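Each remark here refers to the structure printed beneath this line.
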Amino acid sequence: MDLKEHIALKQLPKHIAIIMDGNGRWAKQQGLIRAIGHENGTKSVRQVVEASAELGIQNLTLYAFSTENWNRPKLEVQTLMKLLVSSLKKEIKTLQDNNIKLTAIGNLGTLPKKVYKELHEVIDNTKHNTHMTLTLALSYGSREELLNTVKEISIKVKNNIISVEKIDESIINEHLYTRNLPDVDLLIRTSGEQRISNFLLWQIAYAELYFTQVLWPDFTKQHLYEAIIEYQKRERRFGKTSEQLS
Ligand code: IPE
Ligand code: IPE
Ligand code: MG
């Protein structure tokens, strides 16, 4: 049975974010090196990108590399960066064919030159695409993002561009890396870990959280459908009572 048929297309989450976790454990289970886990993880990326585009999800954000991941062994970081360049090269056609716009959030200046260049090439080549926005979180940390936001707003206050009284949630939103994206509706984390690991802390304030034991390289379109079906069963009350909603 295809789970896709059980999805209500009129109630799709506008923004799905995924913490793609478990590549290392997947490899270990098969007696393989971690790099092979990361390589197989890219297949799952393709699965969720395609499935999201087919369904009509407007925004998909993938946590690919955190600020904390820089502390991994040098060789693993290198492997991940190389994989990123090769995936970008390989997937540009998929993005164009599906009318998908690629964007990135994070401290992108810290990425190796080669990655930065390839990334910006794909971002530039897909910037007019309109069907879906795919955002890669790269060298991304939510606390760093919030810190930058505070600094940028402070400078504007100091230079009399904004008054303190005018600072509200929308001003904060406009200064985040995610300024062009709506709040996250559904946050998925694979591999059984139940934590946020410094991802989109502000943006997930009212997101529905979905944790699955499935390791990222095993994650398929059907798993994404399962998550969306579960999301659609939940009642999002935003502080109100159930009666107020009906
Ligand atoms: C996710 O898989 C990929 C990145 C964080 C870059 P991991 O590499 O964290 O896999 P585990 O958690 O060690 O299994
Ligand atoms: C979170 O996974 C970051 C990414 C998926 C890119 P980690 O594997 O780095 O998270 P922790 O360290 O287990 O919290
Ligand atoms: Mg992990």
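Count residues from 1 along the sequence. Order of listing sets the numbers, starting from 1, for every ligand and every atom in it. Fair warning: this is a prediction, and the values are worked out from it, not measured in the lab.
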With heavy atoms under 4.0 Å as the rule, classify the contact between Leu215 and ligand 1 as side chain, backbone, both or neither.
neither
Contact region, Met20 to ligand 1, non-hydrogen atoms below 4.0 Å, reads backbone
Identify, for [atom], the protein heavy atom at the shortest distance, and state residue, atom and that distance.
atom: atom 7 (P) of ligand 2; answer: Arg72 NH2, 3.8 Å
atom: atom 9 (O) of ligand 2; answer: Asn69 ND2, 2.9 Å
atom: atom 2 (O) of ligand 1; answer: Asn23 N, 3.2 Å
atom: atom 14 (O) of ligand 2; answer: Ser197 OG, 2.6 Å

Between Trp216 and Phe219, what is the ring plane arrangement, given parallel below 30°, perpendicular above 60°, and tilted in between?
parallel
Which word best sums up how the rings of Tyr140 and Phe199 line up, parallel for under 30°, tilted for 30 to 60°, or perpendicular for over 60°?
perpendicular
Pick out which of Lys151, Lys156, Glu145, Glu152 makes a side-chain hydrogen bond (donor to acceptor under 3.5 Å, both in side chains) with His175.
Lys156
Look only at interatomic distance and state if Tyr63 has a nitrogen or oxygen under 3.5 Å from any nitrogen or oxygen of ligand 2.
no
Ser66 versus ligand 2: do any nitrogen or oxygen atoms come within less than 3.5 Å of each other?
no
Lys43 and Gln47: CA distance, side-chain angles, deciding distance, side chain to side chain contact (heavy atoms under 4.5 Å, CB included) verdict
CA-CA 6 Å; Lys43 293 183 190 160; Gln47 291 265 316; 5.6 Å; no
List the steps and the verdict of side chain to side chain donor-acceptor pair (under 3.5 Å) for Asn99 and Thr130.
CA-CA 6 Å; Asn99 193 14; Thr130 52; 3.1 Å; yes
Heavy-atom distance under 4.5 Å between the side chains of Leu55 and Lys4, does that happen here?
yes
Any sub-3.5 Å donor-acceptor pair from [X]'s side-chain atoms to [Y]'s backbone N or O?
X: Asp168; Y: Ser170; value: yes
X: Asn198; Y: Arg143; value: yes
X: Arg234; Y: Glu208; value: no
X: Thr126; Y: Leu102; value: yes

Any atom of ligand 1 sitting under 4.0 Å from a heavy atom of Lys28?
no
Ser191: heavy atom below 4.0 Å from ligand 1, yes or no?
no
Go through ligand 1 atom by atom and flag the ones less than 4.0 Å from a non-hydrogen atom of Arg25.
11 (P), 12 (O), 14 (O)
Against heavy atoms of His38, which atoms of ligand 1 measure under 4.0 Å?
3 (C), 8 (O)
Determine which of the N, O or S atoms in Asp21 is closest to the Mg ion (ligand 3) and give its atom name.
OD1
Under the side chain to side chain contact (heavy atoms under 4.5 Å, CB included) criterion, do Asn40 and Asn23 qualify, and how do the steps go?
CA-CA 8 Å; Asn40 278 273; Asn23 293 352; over 6 Å; no
Could you tell me which atoms of ligand 2, counted from 1 in the order shown, lie closer than 4.0 angstrom to a heavy atom of Arg195?
11 (P), 13 (O), 14 (O)
Atom indices of ligand 2 within 4.0 angstrom of Phe65 heavy atoms, with elements:
6 (C)
Nearest candidate to atom 10 (O) of ligand 2, where distance is taken over non-hydrogen atoms, out of Arg189, Glu193, Glu68
Arg189
Does Ala64 approach ligand 2 within less than 4.0 angstrom via side chain, backbone, both or neither, non-hydrogen atoms only?
backbone
Indicate, as side chain, backbone, both or neither, the part of Phe199 found under 4.0 angstrom from ligand 2 when only non-hydrogen atoms are considered.
neither
